[in-house]
Amino acid sequence: MSDFTHGFWPIYISVLTLASIIGTWVFLRSQTTRKLAPGEKPELMKHTWDGDLQDLNNPLPRWWLGLFYGTMVFAVVYLLLWPGLGSYPGLLKWTQIGEYEAEVRKAEAQFQPVYAGFMQQDVVTVAANPDARAIGRNLFLTYCSQCHGSDAAGARGFPNLTDGDWLYGGDPDTIRATITDGRSGMMPPMGEALGAQGTKEVANYVLSLAGRPHDAALADVGRPKFAENCAACHMPDGTGMQAMGSPNLTNNVWRYGGAEAAIIESITKGRNGVMPGIDQTLGTTSNKEAKLHLLTAYVYGLSQKQ
Ligand code: HEC
Ligand code: HEC
């Protein structure tokens, strides 16, 4: 595996690296082959400073040369063992990914016993355990917070998990199923069926259901249209249906917005919130069962605070 974008670069880098090592070697050799004959005096350079300071051209000291050659040998051995020459992997086959995976395996072995303890307990018990909640929170921050927020309070389009208002249900089994399989809410676009005026009327009826300011005359006309077009999913009283994740429209909790314009947009264009399943959120991390258990408990606990 190589990160180079073009086959030219690994060759370019290898040639430069090797050429500079060989180049320094040749240069050093060329400067050190001449030894002083017995009795020969080192050459006296022609310049003199500060009146009497003279400069001799002595051969380089052996220990210093030794250090220099040592660095070259080190460079060659290093480049043989580890990756450094273009895409050559090195005899030790070391990779950043390999090192990361080894660290992950070590961490997993370390957490295994901790996880195993929690796996023995049911979700409600685990949810009450502060240590488990701390781990659950970290898992949530890693795998879930990008959509639900670090405080799990959600954002536009992403449900708040702390408010006790559930699209699908807040019991341990349902939360577990949500995290495992993911969810996909399907609110069909109904703008065409209702027309602009009809949509406005139904929207005002929805506003009235939620106890928000609305136009009572429009809402009255909207009521039967709601019964006809919306009640199948949102129930005749508008309280929603968890089996299909159609939200309660009467509690003034909004995921896409409770202003008239936002409700009209929901009705006109439809909505399709997608919660990815565990294979996407937790990917191929191991201890997946334990993480699922701790996450379920953490999410369950979020709305259980007294
Ligand atoms: C890519 C964004 C995304 C990620 C990542 C994500 N979720 Fe979700 N989640 C959603 C959306 C969107 C919904 C609403 C689904 C719908 O509209 O039907 C949702 C719904 C839920 C629900 C159902 C809420 C209810 O009211 O019934 C739970 C529980 C949940 N998520 C927990 C989690 C957990 C735990 C994680 C981390 C493992 C996670 N989510 C990761 C987007 C995400
Ligand atoms: C086929 C079932 C279905 C029908 C019919 C339906 N809805 Fe929905 N509605 C849903 C689902 C499911 C969602 C949640 C979408 C999501 O998860 O992204 C939703 C979401 C909404 C929302 C957004 C709520 C929020 O929290 O922001 C509004 C408003 C809404 N519906 C109103 C209506 C109205 C009014 C009608 C009739 C004109 C209607 N729906 C018809 C299933 C339905």
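Basis for what follows: all heavy atoms, side chains included, without hydrogens, waters or symmetry-related copies. Whatever order the structure lists them in is the order used to number ligands and atoms, beginning at 1.
Classification of Asp220 and Arg223 as a salt-bridged pair holds, one side-chain N sitting under 4.0 Å from a carboxylate O. Contact check on Arg212 versus Glu260 returns no salt bridge, with no Lys/Arg side-chain nitrogen under 4.0 Å from an Asp/Glu carboxylate oxygen. Using a 4.0 Å cut-off between charged nitrogen and carboxylate oxygen, Glu99 and Arg105 do not count as a salt-bridge pair.
Closest heavy-atom approach to atom 1 (C) of ligand 2 among the candidates Cys233, Ala203, Ala231: Cys233. In this structure, of Pro159, Gly277, Gly170, the residue bringing a heavy atom nearest to atom 20 (C) of ligand 1 is Pro159. The closest heavy-atom contact to atom 36 (C) of ligand 1, among the options Pro247, Cys144, Ala155, comes from Cys144.
Set against the non-hydrogen atoms of Trp254, the atoms of ligand 2 under 4.0 Å away are 25 (C), 26 (O), 27 (O). Close approach of ligand 2 to Met244 (heavy-atom distance below 4.0 Å) involves ligand atoms 2 (C), 12 (C). Every atom of ligand 2 with a heavy atom of Met190 under 4.0 Å away is listed here by number and element: 37 (C), 38 (C), 41 (C). Atoms of ligand 1 found under 4.0 Å from any heavy atom of Ile179 (numbered from 1 in listed order, with element): 35 (C). Taking every non-hydrogen atom of Gly169 and a distance limit under 4.0 Å, the qualifying atoms of ligand 1 come out as 27 (O). Applying the 4.0 Å criterion to heavy atoms of Val202 picks out, from ligand 2, the atoms 35 (C). Listed by atom number, the atoms of ligand 2 under 4.0 Å from Gly257 heavy atoms are 27 (O). Near Asn272, with a cut-off below 4.0 Å to any heavy atom, the atoms of ligand 2 are 18 (O). For ligand 2, the atoms lying closer than 4.0 Å to a non-hydrogen atom of Val206 are 35 (C). Set against the non-hydrogen atoms of Leu194, the atoms of ligand 2 under 4.0 Å away are 38 (C). Below 4.0 Å from some heavy atom of Trp166 lie the following atoms of ligand 1, by number and element: 24 (C), 25 (C), 26 (O), 27 (O).
On a distance-only criterion, Arg255 and ligand 1 share at least one N/O pair closer than 3.5 Å. Close N/O approach between Gly273 and ligand 1 is found [any backbone or side-chain N/O within under 3.5 Å]. Annotation: Leu167 places an N or O atom under 3.5 Å from an N or O atom of ligand 1; distance criterion only. Polar contact with ligand 2: absent for Ser246 (N/O pair, distance under 3.5 Å). Geometrically, ligand 2 and Gly245 share no nitrogen or oxygen pair separated by less than 3.5 Å. Not one N or O of Arg183 is nearer than 3.5 Å to an N or O of ligand 1, by distance alone. Every N/O-N/O distance between Ile175 and ligand 1 stays at or above 3.5 Å.
When distances to atom 8 (Fe) of ligand 1 are checked against a cut-off of 2.8 Å, His148 contributes an N, O or S atom below that limit. Among the atoms of Met275, an N, O or S atom is found under 2.8 Å from atom 8 (Fe) of ligand 1.
Other residues, nucleotides and ligands contribute at most 12 non-hydrogen atoms within 6.0 Å of the CH2 atom of Trp82. A 6.0 Å sphere centred on NE2 of His6 holds no more than 12 heavy atoms belonging to other residues, nucleotides or ligands. When the shell of 6.0 Å around CZ of Arg255 is examined, it contains more than 12 heavy atoms from other residues, nucleotides or ligands. Around atom CZ of Arg62, no more than 12 heavy atoms belonging to other residues, nucleotides or ligands sit under 6.0 Å away.
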Item to complete: In sequence, state the C-alpha distance, the side-chain angles, and the governing distance for Tyr115 and Lys291, and then conclude on side-chain hydrogen bond (donor to acceptor under 3.5 Å, both in side chains).
Response: CA-CA 8 Å; Tyr115 282 152; Lys291 286 177 180 170; 5.2 Å; no

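Scanning the protein for heavy atoms near atom 4 (C) of ligand 1, the closest one is Cys147 SG, 3.3 Å. Of all protein heavy atoms, the one lying nearest to atom 27 (O) of ligand 2 is Tyr256 N, 2.8 Å.
Ring geometry for His148 against Phe158 counts as perpendicular: the plane angle is over 60°, on a 0 to 90° scale with 30° as the lower cut. In this structure, Phe74 and Tyr78 have tilted ring planes: the angle between them lies in the 30° to 60° band.
Within the 4.0 Å heavy-atom cutoff, Val274 does not count among the residues contacting ligand 2. Look at Ala232 and you'll find every heavy atom at least 4.0 Å from all atoms of ligand 2.
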